[in-house]
Amino acid sequence: MNSRAFRRGAVAVAAFSASAIVLAGCAGSSGGSSSSDPNGEIELTVATFNDFGYTDELFQEYMDENPNVKIVHNKAATSNDARANYFQKLGKTGLADIEAIEVDWLPEVMKYSDLLAPVPADLTDRWLDWKVQAATDPAGNLIGYGTDIGPEGICYRSDLFAAAGLPTDREEVAALFEGDWAKYFEVGQQYTTATGKAFFDSAGGTYQGMINQVEAAYEDPESGEIIATTNPEVKDIYDQVLEASATESAHLGQWSDDWFAGLSNGAFATMLCPGWMLGVISGNAPDVTGWDIANVFPNGGGNWGGSYLTVPANGANVEAAQKLADWLTAPEQQIKAFTAAGTFPSQNEALSDPTLLEATNEYFNNAPVGQILSDRAKAVDVTPFKGEFYFQINDAMQKALTRVEDGTQDAAASWDQWVAEVDALK
Amino acid sequence: MTTTSTPPPATAAPRSPEPGRAPRQPKRVGFGQRLNHWDVKVAPYLYISPFFILFVIIGLFPIAYTAVISFMDWDLIRNSGTFVGFDQYAYVLSNPKFWIALRNTFSIFLLSTVPQMILAVFIAAMLDQNIRAKTFWRMGVLVPYVMAPVAVALIFSNMFGDQYGIVNTTLANFGIPPVPWHSDAFASHVAIATMVNFRWTGYNTLILLAAMQAIPRDYYEAAAIDGASKLRQFFAITVPSLRPTLIFVIVTSTIGGLQIFDEPRMYDQYGTGGADSQWLTITLWLYNIGWGEFNFGRAAALAWILFLIILVIGIINLFVTRGLVRDEGTRGAVSKRQQRAAARAARRALTETPAAGKAGQR
């Protein structure tokens with residue numbers, strides 16, 4: 001009797017647990033709290049990655065101005081995490097009301113521009129032209145609120161320059177590099193001859209600076225057709241950078257362990273330097289006192305990196321989210337973000353803000369980085385077209401350069417392999 | 001229903017001597033019996049059902065869905081695709097990267113599994129001896145396994161730096177030229193296999209050790225009295241007795257080895273398998289196609305190809321291991337038939353209870 005009762009109970013428990021598991025699988029997705037009342041209580045989620053400079057105080061400021069809004073900030077560790085999350089959920093549910101994206105994956109986002117709420121037309125002239133252009137889809141909709149940009153200068157080790165008999169003052173160095181890439185490599189040759197050491201970090205990093213100045217490097221902006229392998233400009237840059245890298249490169253692939261070591265041990269003397277790179281250098285070579293930045297860039301200006309805020313069109317509070325994104329990317333807030341995390345503003349007005357222009361960087365020998373980067377941003381005059389296949393082609397190119405740098409292949413063989421890889425993409 | 005024997009005569013029912021029990025009997029016992037019947041029949045299935053229900057939801061469904069997607073040009077974001085037949089499979093199989101990835105996967109797999117197994121068996125044999133502080137040593141071998149694979153990969157890839165890595169620096173001190181860990185394919189495989197071996201040798205050692213502990217000590221005593229050396233005992237008793245466990249360990253590490261991902265992914269800063277695909281493995285390429293290029297049709301096709309490869313290798317593995325390990329225990333001068341008979345006897349002895357096994361031996 002006793003054991004039978006026990007068994008009955010066990011059957012019931014088993015049946016219950018089985019059905020509970022099934023039910024748990026089905027439940028779990030319920031719509032967010034959507035309130036159509038503009039003054040009703042709403043919760044806005046903002047998803048960013050790395051460090052956008054959006055502090056709790058900044059959000060608190062907005063919440064004080066808009067008492068009905070509660071902001072929740074989700075921060076992904078890396079942009080790769082954010083990217084995977086973004087594309088998993090885009091077009092479905094689960095994205096934050098405001099999602100940050102990086103220019104690295106902007107071309108992929110542009111394919112789905114119809115799933116994002118466009119920036120109101122009256123706001124579009126606030127940003128730098130090329131910042132707006134890059135995020136404008138063929139229908140003329142701007143889909144991202146520009147946050148930061150990566151205007152490039154040249155970082156150099158003044159102590160190593162002195163040892164090679166080159167000028168060390170940043171004004172003189174800027175004058176020294178004034179010109180095109182040939183000029184840059186010429187100075188490199190001088191340095192290498194004098195010291196026998198490498199001048200720049202890697203062919204890949206330098207190539208990136210060069211290719212970002214080409215209007216349509218890999219794809220035809222009109223038809224989207226892949227032109228990379230037949231584009232003489234690409235081949236020319238490839239040849240030029242590899243010729244120089246044979247003697248001037250430290251062959252340290254960017255972001256490799258050896259490269260980080262090279263930042264502090266003087267393995268190379270210069271590097272192309274977007275604003276956000278300053279933090280990378282000072283963070284990884286804290287004991288080096290020689291790093292400095294010159295207000296110059298070969299061939300004029302160049303941009304490397306930067307981000308946007310996007311508002312998914314199927315969110316629960318699109319309008320409120322747009323309002324917040326607008327506020328976050330307004331000049332005042334961009335300056336606050338710059339102060340907090342060094343993210344360089346993309347707003348026209350912010351570029352002439354005194355706080356920005358007077359900003360200096362102690363690590364870089366008190367260089368007036370605000371003024372320098374502001375000048376560099378204004379010098380950018382080309383918006384490189386990046387289509388659907390940009391990343392795969394560029395990634396394959398970076399590998400082609402690495403193959404030559406580490407001696408696996410010669411320049412011609414590596415080029416041929418790259419061509420074959422690009423052809424396979426079509 | 002021809003055998004319906006009726007134990008109590010039908011006539012006995014109306015005038016039953018126990019009036020209290022008889023009227024209630026048909027109802028109560030009938031339901032109780034039925035319940036009892038269900039209990040016996042259904043309950044076991046209910047007990048095991050949570051796993052299978054979960055497996056269908058989170059295991060079987062994705063596998064089937066992957067098969068569907070592999071025949072499509074799939075757009076993850078719009079959740080739609082166009083049917084393209086075997087195009088994705090054709091693309092994968094005709095891409096030179098696939099064959100390079102296959103080569104790398106097998107190279108890393110062999111470089112990690114073979115030394116790992118040999119090492120694990122020997123370490124387990126050492127730990128099986130009567131040594132001081134047994135538990136300390138036994139737990140010690142498991143310590144690397146506790147470390148997160150990503151942490152292991154980070155530390156090791158730092159050590160295997162091309163120019164400033166500790167390994168090359170040490171080699172330089174002995175006047176040995178630096179090894180190009182990130183440009184030479186074989187060198188990169190060795191480096192990655194080292195990470196795998198570091199982490200998994202101890203784990204396999206413990207499993208094998210557990211199996212060794214189950215070998216009756218009488219065998220060793222008898223062998224020792226017969227004058228067999230420790231080495232002879234190891235090859236004649238330990239290794240043959242480990243057969244089922246070895247098969248299990250080898251098959252699981254084959255599956256793990258063919259799916260190697262963390263270590264090659266963390267081996268350099270990009271995680272895409274090297275400039276010349278030197279250490280691109282199948283799963284790494286699968287990940288890059290899926291989450292780098294967002295081409296889920298191709299990734300799904302590759303996943304299925306990988307599944308089939310593992311299946312085939314697993315089966316081959318099973319047969320080879322069986323053959324090899326069986327041969328280890330024989331003396332050579334016996335015929336195949338005798339070998340088989342001996343093996344059958346040994347199997348019986350192992351599967352039966354120890355007492356029965358002993359009785360059978362005599």
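Chain letters run A, B, ... following the sequence lines, proteins first and then strands; every chain starts at 1. Bear in mind that the values here come from a model prediction, so they are computed numbers and not experimental data. Heavy atoms only: backbone and side chains are in, while hydrogens, waters and symmetry mates are out.
- Inspection of the B/Asp87 and B/Tyr91 side chains reveals no N or O donor paired with an N or O acceptor under 3.5 Å.
- Of the listed residues (A/Lys89, A/Gln417, A/Gln254, A/Gln409), the greatest number of heavy-atom pairs within a distance under 4.5 Å of chain B belongs to A/Gln254.
- Within the 4.5 angstrom heavy-atom criterion, no atom of A/Gln398 approaches chain B.
- A/Arg83 and A/Glu108 are joined by a salt bridge, as a carboxylate oxygen and a charged side-chain nitrogen come within less than 4.0 angstrom of each other.
- Contact count against chain B (heavy-atom pairs under 4.5 Å) is highest for A/Asn265 among A/Asp395, A/Leu115, A/Asn265, A/Thr402.
- No more than 12 heavy atoms of other residues, nucleotides or ligands lie within 6.0 Å of CD1 in B/Ile166, so this atom counts as exposed by the packing criterion.
- In terms of heavy-atom pairs under 4.5 angstrom with chain B, the leader among A/Leu90, A/Leu252, A/Asn80 is A/Leu90.
- Between the B/Thr281 side chain and the B/Ile260 main chain, a donor and an acceptor come within less than 3.5 Å of each other.
- B/Phe52 is not listed as a side-chain neighbour of B/Ile57, based on a closest heavy-atom distance of 4.5 Å or more.
- A cation-pi arrangement is absent between B/Arg78 and A/Tyr112, since the terminal nitrogen or guanidinium carbon is not both under 6.0 Å from the aromatic centre and inside a 45° cone about the axis.
- Heavy-atom distances place both the backbone and the side chain of B/Thr272 under 4.5 Å from chain A.
- A distance-only check finds no donor-acceptor pair linking the side chain of A/Asp137 to the backbone of A/Ser113 [under 3.5 Å].
- Comparing B/Trp291, B/Tyr164, B/Tyr270 by heavy-atom pairs within less than 4.5 Å of chain A, the highest count is held by B/Tyr164.
- Of the N and O atoms on the side chains of B/Ser183 and A/Asp406, not one donor lies less than 3.5 Å from an acceptor on the other residue.
- Contacts of B/Asp268 with chain A are absent, with no heavy-atom separation under 4.5 Å from either backbone or side chain.
- Ranked by heavy-atom pairs under 4.5 Å with chain B, the list A/Leu425, A/Leu401, A/Thr408 is led by A/Thr408.
- Most heavy-atom pairs under 4.5 Å with chain A, from the set B/Asp75, B/Asn295, B/Asn288: that is B/Asp75.
- Within the 4.5 angstrom heavy-atom criterion, atoms from both the backbone and the side chain of B/Ser157 approach chain A.
- If you measure heavy-atom distances from A/Ser256 to chain B, the contacts under 4.5 Å come from both the backbone and the side chain.
- Contacts of A/Lys111 with chain B are made by backbone atoms alone, with heavy-atom separations under 4.5 Å and no side-chain atom involved.
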